[in-house]
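Below is one structure; the comments refer to it alone.
Only this structure's heavy atoms are used, side chains among them; waters, hydrogens and symmetry mates stay out. We number each residue from 1, following the sequence as shown.
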Amino acid sequence: MNGGLWSWQEAAAALPPILAGFRVTLVATVVGMVVAAALGLVIALVRRSGGRWVTVPVGVFVELVRSTPLLVQLVFVYLMLPTVPALVIGCGVLGVHYATYLSEVYRAGIEAVPRGQWEAATALDLPRARVWRAVVLPQAVRNTLPGLGNYAISMFKETPFLFAISVVEMFTAAQQYGAATFDYTEALTMVGLIFLAVSYPTSLLVRRMENRLA
């Protein structure tokens with residue numbers, strides 16, 4: 001137990017369990033973002049090109065997910081699927097939650113493709129699937145990269161919500177260390193510094209990418 005305001009020794013002692021939690025945080029972020037990027041593109045394509053019989057249910061689902069807190073979604077799915085590993089549920093719920101937002105990013109990227117590109121593809125009588133695969137999507141995805149990066153940072157910073165379903169990510173690891181040693185200050189400060197060390201440089205890279213693509 002630390003009797004002063006700060007102890008570098010306690011900070012060093014807290015680091016190993018925090019780094020173990022950091023690995024879980026990274027896994028949840030990377031897997032969740034892969035799910036979100038893929039599902040978000042599917043949602044965007046379905047809502048743009050699908051029939052009413054599919055766009056309406058998908059639209060209702062998207063609004064339902066957006067209108068309910070991520071924490072509630074995590075706990076609800078965790079209780080509904082008690083046999084599924086908590087980390088798997090966490091990655092899936094994060095992915096689905098953010099997919100509903102990324103679908104709008106993709107939609108904006110698709111609409112930003114110059115109309116002349118569509119007209120040229122139509123004039124060449126290219127199959128619709130090829131138009132999307134070879135003409136539209138490469139340009140749309142390029143336009144959405146900054147948005148994807150920003151949402152990846154947001155997902156990374158929201159991984160502490162996984163504590164609600166017993167996933168020992170970085171924040172939970174720090175809390176557990178603090179509960180065992182009564183040294184919360186060092187543990188939580190180290191977590192904050194790690195979040196800053198990852199999020200801030202990444203946000204700068206995203207901003208630079210956005211300026212280059214502008």
Q) Is it true that a side-chain atom of Gln73 and a backbone atom of Val93 form a donor plus acceptor pair closer than 3.5 Å? A) no
Q: Look only at the side chain of Glu169 and the backbone of Leu162, and say whether a donor-acceptor pair between them is shorter than 3.5 Å.
A: no
Q. Okay, side chain of Tyr106, backbone of Ala37: is any donor-acceptor separation there less than 3.5 Å?
A. yes
**Q.** Leu74 to Gly90 - nearest heavy-atom pair and separation
**A.** CD2-CA, 3.9 Å
Q: Identify, with sequence neighbours excluded, every residue that meets side-chain contact (heavy atoms from CB on, under 4.5 Å) alongside Val58.
A: Ile43, Val46, Arg47, Val54, Val62
Q: For Gly147 and Val105, work out which heavy atoms get closest and say how close.
A: CA-CG1, 4.3 Å
**Q.** Whether over 12 other heavy atoms sit under 6.0 Å from Arg208 CZ
**A.** no
Q: Could you tell me which non-hydrogen atom of Tyr78 sits nearest to which non-hydrogen atom of Ala86, and how far apart they are?
A: CE1-CB, 3.9 Å
Q. If only atom types and distance count, is the side chain of Thr159 paired as donor or acceptor with the main-chain N or O of Phe156 below 3.5 Å?
A. yes
Q: Output yes when a side-chain donor or acceptor of Ser199 lies under 3.5 Å from a complementary backbone atom of Leu196, and no otherwise.
A: no
(Q) If hydrophobic clusters are built from ILVMFWY residues whose side chains come within less than 4.5 Å, do Leu94 and Met80 share one? (A) yes
Q. Which atom names give the shortest non-hydrogen contact between Thr172 and Val167, and what distance separates them?
A. OG1-O, 3.6 Å
Q: Output, in order, the C-alpha distance, side-chain angles, deciding distance and verdict of side-chain hydrogen bond (donor to acceptor under 3.5 Å, both in side chains) for Glu158 and Tyr98.
A: CA-CA 11 Å; Glu158 289 198 334; Tyr98 274 88; 2.7 Å; yes
Q) How long is the span from the CG atom in Asp183 to the OG1 atom in Thr189, to the nearest 0.5 Å? A) 11.0 Å
Q.
For the backbone of Glu10 and the side chain of Ser7, can you confirm whether one donor and one acceptor N or O come within less than 3.5 Å of each other?
A. yes
